[in-house]
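Within every chain, numbering begins at 1; the chains are lettered A, B, ... in the order of the sequence lines, protein sequences first and strands thereafter. Since we're looking at a predicted model, the values are computed, not measured.
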Amino acid sequence: MPDCRSGGRGFESRRPRVFINFLIKMDYKKYWHTTSHIMAQAVKRLFPYVKLGTGPAIDKGFYYDFYKEEPFTPQDLIKIEEEMKKIIKENYKVEKIEKNKEEARQILKNEPFKLEILDEIKNEKVSFYKQGEFIDLCEGPHLDSTGEVKYFKLLSISSSYWKADENRESMQRIYGISFETKQELEEYIKFLEEAKQRDHRILGKKLDLFSINPEYGPGLIFWHPKGAIIRKIIEDFWKEIHLKNGYELVYTPHIANISLWEKSGHTSFYSDFLFPEMEVGEGKVYLLKPMNCPFHIQIYNSRLRSYKELPIRWAELGTVYRFEKPGVLHGLLRVRGFTQDDAHIFCTPNQLEQEICNIIDLVYFFLKSFGFEEYRVFLSTRPEKFVGTIENWEKATTSLENALKSKNINYEIDPGEGVFYGPKIDIKIKDCINREWQCSTIQIDFNIPEKFNLNYIDDKGKFKTPIMIHRAILGSLERFFGILIEHYKGNFPLWLAPEQVRILPVADRHNQFSINLKEKLKENFRVDVDLRNEKINKKIKDAEDEKVPYMIIIGDREIRENKLSLRKHTKGMLGEFNLDEIVKLFNEEIISKK
RNA sequence: GCCACCUUAGCUCAGAUGGUAGAGCAGCUCACUCGUAAUGAGCAGGUCGAGGGUUCAAGUCCCUCAGGUGGCUCCA
């Protein structure tokens with residue numbers, strides 16, 4: 001079963017994880033862990049009846065799970081924070097205490113969840129950490145005293161299952177963060193607010209880019225004219241670059257007979273993600289496609305292939321549909337219908353490394369074009385469950401590795417994290433507030449060529465099985481658009497901006513001149529003129545709010561002197577220019593993609 | 001899907017303890033003809049997500065459903 005790359009993800013049921021990579025200067029794990037104990041102590045003081053779950057430090061802070069019938073309220077959080085401050089002030093020593101299991105059981109007799117954990121521990125000796133009246137079964141390590149925790153904040157309340165098992169008790173989880181300095185905490189909170197302001201769902205509505213109609217299609221995207229023009233620019237650019245780089249474009253249907261997916265294995269392995277079957281009469285059943293590769297394979301198999309044709313590179317902006325569960329849908333980032341910037345490469349083993357190098361170059365070229373300059377690259381190797389021979393896996397992994405090395409790319413290895421049908425490279429990008437997103441993925445597939453009996457005739461006249469590479473660069477247009485909105489905070493660079501210039505006449509006697517100017521600019525740019533009966537201040541404010549990159553103001557002076565006053569979004573007045581200068585300026589900026 | 005919370009005008013949101021709805025923005029009309037981030041006035045706009053229940057009376061309380069939001073990987 002080939003994976004379906006939609007932003008580097010396959011079929012999974014979780015929300016897309018946004019890797020919030022706020023720069024945290026030191027290793028805070030110990031610090032956060034102790035803060036979580038302080039929180040648990042505060043909760044125990046305020047709500048003595050709650051039962052303790054687990055409370056680890058995590059990537060960005062800490063949490064503690066409690067068993068409590070009613071959920072915590074925001075007011076509870078304030079009370080808990082107050083109590084935590086007291087505990088910090090009381091400055092308890094944090095002591096490690098070793099106990100044997102029997103003693104431990106006695107201590108934990110009223111903590112059913114802790115007892116469960118205790119039972120799973122193999123060692124005879126277990127450790128407790130004690131601060132004041134609070135004692136917790138815990139491996140540590142911890143700070144020496146509660147007074148060492150300086151600045152903290154409880155961030156959110158949620159529920160989670162005990163042991164992440166939906167059949168088990170629902171726990172109440174409180175998340176928080178803490179730092180040594182007030183400045184770090186403030187910066188972190190500022191970062192969270194900044195991220196909120198960039199939310200593509202809010203900007204998408206404000207800037208009239210897209211919408212989702214919850215009643216008629218949760219998870220299905222309506223691209224409004226302003227979003228659609230951006231999409232068109234991306235698509236045109238994408239196609240042009242692919243054609244220049246030896247790819248051919250293909251188009252394939254949105255539906256196909258169910259037998260295709262029976263063969264690919266989707267109906268058995270991924271049935272949860274398929275939209276229900278369509279009966280089309282005479283017992284024929286069709287499915288909406290959850291991925292493109294089986295179609296590309298049909299094109300490959302439509303006739304006999306020679307080694308002379310390889311490598312074959314087929315690209316398609318292919319729209320696929322997957323029935324994601326209601327709770328996981330999220331704006332443009334997790335949807336039910338999306339367009340993958342998909343491509344499949346069929347090549348010989350000898351060509352593999354070069355093909356991978358080419359893909360990497362292409363990935364970097366695209367990501368740079370969209371303003372992403374920082375990357376983290378991951379190489380995922382053979383998992384426990386896999387298809388194909390170990391020899392092939394090693395060869396393919398080596399090819400991926402060699403390609404990365406020859407490109408001088410630093411990468412991290414994710415051992416055993418490959419998909420079962422082949423190893424892969426994932427590339428994560430950092431946006432301008434340091435969040436990481438995964439879009440690009442390059443996956444080698446040993447399974448599909450065999451399953452669909454792909455072959456070519458080699459130079460000795462023998463049948464050979466080609467190697468197949470799945471790759472996506474942007475992931476999906478929907479998701480990538482969402483990321484772009486957040487990355488640019490809606491301030492699209494000139495080449496992408498839906499409306500590049502707006503002409504603002506000061507009074508209505510300037511309208512005709514402005515209309516004439518629009519006609520001239522229209523040839524090269526996306527331009528509009530604001531003819532509303534409003535004051536110039538209002539027109540400027542609206543253009544600024546709508547994030548139009550450039551404004552040209554036309555009044556008596558401009559008409560008399562035949563000069564154009566140019567204003568740049570968020571920057572203010574640039575000065576007066578003649579038309580040629582402005583055209584040149586815009587063209588240079590468009591080419592630079594900045 | 002599970003837990004919690006939310007759903008009131010196109011948008012953002014007010015509407016203690018039940019007594020059949022308000023504001024700002026947007027829209028429309030009119031006046032103003034204006035110089036670098038909101039001119040003023042007027043008008044119009046809602047079966048309060050859907051269905052059911054309690055009540056003399058439900059936006060408000062209860063139940064069901066739909067949708068949205070935050071989570072549901074980190075493990076003593």
Student: May I ask you to say whether A:E83 pairs ionically with A:R45, meaning some side-chain N is under 4.0 Å from a carboxylate O?
Tutor: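 Looking at A:E83 and A:R45, the cut-off is met.
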Student: How does protein contact run along nucleotides 5-13 of chain B, one letter per nucleotide 5' to 3', with B for base contact, S for sugar-phosphate only, - for none, heavy atoms under 4.0 Å?
Tutor: ------SS-
Student: Name the residue from A:F481, A:F210, A:F338 that meets the ring-ring contact (aromatic ring centres under 6.0 Å, His included) definition with A:W223.
Tutor: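 Testing A:W223 for a ring-ring contact (aromatic ring centres under 6.0 Å, His included) against A:F481, A:F210, A:F338 leaves exactly one candidate, A:F481.
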Student: Measuring only the P atom in each nucleotide, how far is B:U7 from B:U12? A whole number of Å is fine.
Tutor: 12 Å
Student: Would you say A:L517 and A:L579 make side-chain contact, with heavy atoms under 4.5 Å?
Tutor: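 Contact flag for A:L517/A:L579 side chains = yes.
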Student: Reckon A:R201 has a side-chain N or O less than 4.0 Å from the OP1 or OP2 of B:G70?
Tutor: yes
Student: Taking the six-membered ring for Trp, are A:F66 and A:Y64 parallel (under 30°), tilted (30 to 60°) or perpendicular (over 60°)?
Tutor: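 A:F66 and A:Y64: parallel rings.
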Student: Distance only, no hydrogens: is a donor on one side chain within 3.5 Å (strictly under) of an acceptor on the other, for A:Y151 and A:E186?
Tutor: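 No - no donor-acceptor pair under 3.5 Å links their side chains.
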Student: For B:C74 and A:Y64 - does any side-chain N or O of the residue sit under 4.0 Å from the phosphate oxygens OP1/OP2?
Tutor: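 No, because none of the side-chain N or O atoms of A:Y64 sits under 4.0 Å from OP1 or OP2 of B:C74.
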Student: A:D199: what forms a side-chain hydrogen bond (donor to acceptor under 3.5 Å, both in side chains) with it, not counting sequence neighbours?
Tutor: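 Testing A:D199 for side-chain hydrogen bond (donor to acceptor under 3.5 Å, both in side chains), a comparison that skips the adjacent residues, returns A:R201.
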Student: Nearest whole angstrom, please: distance from the P of B:C72 to the CZ of A:R334.
Tutor: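 Computing the A:R334:CZ to B:C72:P distance gives 13 Å.
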Student: Say you pick atom P in B:U60 and the same atom in B:A50; how far apart are they, in whole Å?
Tutor: 10 Å
Student: If the condition is side-chain hydrogen bond (donor to acceptor under 3.5 Å, both in side chains), which residues does A:T34 pass it with, not counting sequence neighbours?
Tutor: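 Result, side-chain hydrogen bond (donor to acceptor under 3.5 Å, both in side chains) vs A:T34: A:H142.
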Student: Treating primed atoms plus P, OP1 and OP2 as sugar-phosphate and everything else as base, which nucleotides of nucleotides 34-39 of chain B get B, S or - for protein heavy atoms under 4.0 Å?
Tutor: BBBBBB
Student: Using the side-chain hydrogen bond (donor to acceptor under 3.5 Å, both in side chains) criterion, which residues pair with A:Y67? Sequence neighbours excluded.
Tutor: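 For A:Y67, the residues satisfying side-chain hydrogen bond (donor to acceptor under 3.5 Å, both in side chains) (neighbours in sequence not counted) are A:E69.
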Student: Considering only the P atoms, how many Å lie between B:U55 and B:C13, rounded to the nearest integer?
Tutor: 36 Å
Student: When rounded to the nearest Å, what value does the distance between C1' atoms of B:G19 and B:C63 take?
Tutor: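 Those two atoms are separated by 24 Å.
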Student: Give the rounded distance in Å between these two atoms: CD1 of A:I174 and C1' of B:C72.
Tutor: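 Rounded to whole Å, this separation is 16 Å.
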Student: Would you say the side-chain atoms of A:Q41 and A:E133 include a donor-acceptor pair closer than 3.5 Å?
Tutor: yes
Student: Can you tell me how far C1' in B:U17 sits from the matching atom in B:C61, rounded to whole Å?
Tutor: 12 Å
Student: Check ring pair (Phe, Tyr, Trp, His ring centres under 6.0 Å) between A:Y550 and all other residues, then give those that pass, not counting sequence neighbours.
Tutor: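 Residues passing ring pair (Phe, Tyr, Trp, His ring centres under 6.0 Å) with A:Y550: A:F586.
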Student: Return the value, rounded to whole Å, for the distance between atom CD1 of A:I212 and atom P of B:G49.
Tutor: 21 Å
Student: A:H37 vs A:H33 aromatic rings, parallel, tilted or perpendicular, using cut-offs 30° and 60°?
Tutor: perpendicular
Student: Please name all residues satisfying salt bridge (Lys or Arg N to Asp or Glu O under 4.0 Å) with A:E82, sequence neighbours left out, ordered by chain then number.
Tutor: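 Per chain and number, A:E82 pairs via salt bridge (Lys or Arg N to Asp or Glu O under 4.0 Å) with A:K85.
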Student: Expected output check: what is the dot-bracket annotation of RNA chain B, where ( ) and [ ] are pairs inside the strand (brackets for crossing ones), | is paired with another strand, and pairs are Watson-Crick or G-U under 3.5 Å?
Tutor: (((((((..((((.....[..)))).(((((.......))))).....(((((..]....))))))))))))....
Student: Quickly work out the A:Y67 OH to B:C3 P distance and round it to whole Å.
Tutor: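 Distance check: A:Y67 OH to B:C3 P gives 12 Å.
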Student: Rounded to whole angstrom, note down the C1' distance from B:G45 over to B:C28.
Tutor: 10 Å
Student: In terms of side-chain geometry, is the basic nitrogen of A:D542 or A:R502 positioned less than 4.0 Å from the acidic oxygen of its partner?
Tutor: no
Student: How many whole angstroms separate atom NZ of A:K539 from atom P of B:U33?
Tutor: 14 Å
Student: Provide the distance between the two C1' atoms, one in B:G49 and one in B:U36, to the nearest whole Å.
Tutor: 44 Å
Student: If I take atom CD in residue A:Q172 and atom C1' in nucleotide B:G70, what distance separates them, rounded to the nearest angstrom?
Tutor: 13 Å
Student: Within this structure, what is the CZ-to-P distance between A:R173 and B:C75, rounded to whole angstrom?
Tutor: 11 Å
Student: For A:K109 versus A:L115, what's the shortest heavy-atom pair and its separation?
Tutor: O-CD1, 4.1 Å
Student: Using the P atom on both, measure B:A9 against B:G51 and round to a whole Å.
Tutor: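 The same atom, P, in both gives a distance of 16 Å.
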Student: Between A:W437 and A:E486, is there a side-chain donor-acceptor contact under 3.5 Å, judged purely by atom types and distance?
Tutor: no
Student: Under the ring pair (Phe, Tyr, Trp, His ring centres under 6.0 Å) test, which residues partner A:Y375, sequence neighbours left out?
Tutor: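 In terms of ring pair (Phe, Tyr, Trp, His ring centres under 6.0 Å), with neighbours along the sequence ignored, A:Y375 is linked to A:Y364.
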Student: Please give me every residue in residues 111-123 of chain A whose heavy atoms get under 4.0 Å of an atom in RNA chain B, ordered by residue number.
Tutor: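 Contacting residues: A:K114, A:I117, A:I121.
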Student: Does A:Y129 reach a base, just sugar-phosphate, or nothing at all? Heavy atoms under 4.0 Å.
Tutor: nothing
Student: With a 4.0 Å limit, can you tell me whether A:H330 has a side-chain N or O closer than that to the phosphate oxygens OP1/OP2 of B:G70?
Tutor: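 Yes, because at least one side-chain N or O of A:H330 sits under 4.0 Å from OP1 or OP2 of B:G70.
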Student: What residues form a ring pair (Phe, Tyr, Trp, His ring centres under 6.0 Å) with A:H569, not counting sequence neighbours?
Tutor: none
Student: Using a strict threshold of under 4.0 Å (side-chain N to carboxylate O), is an ion pair present between A:K428 and A:D426?
Tutor: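 Here A:D426 does not pair with A:K428 in a salt bridge, since their nearest N and O are not under 4.0 Å apart.
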Student: Are there any protein N/O atoms within less than 3.5 Å of an N/O atom in nucleotides 41-48 of chain B, and if so, which ones and at what distance?
Tutor:
none

Student: For A:L52 and B:C75, what is the distance between atoms CG and P respectively, to the nearest whole Å?
Tutor: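 Result: 18 Å.
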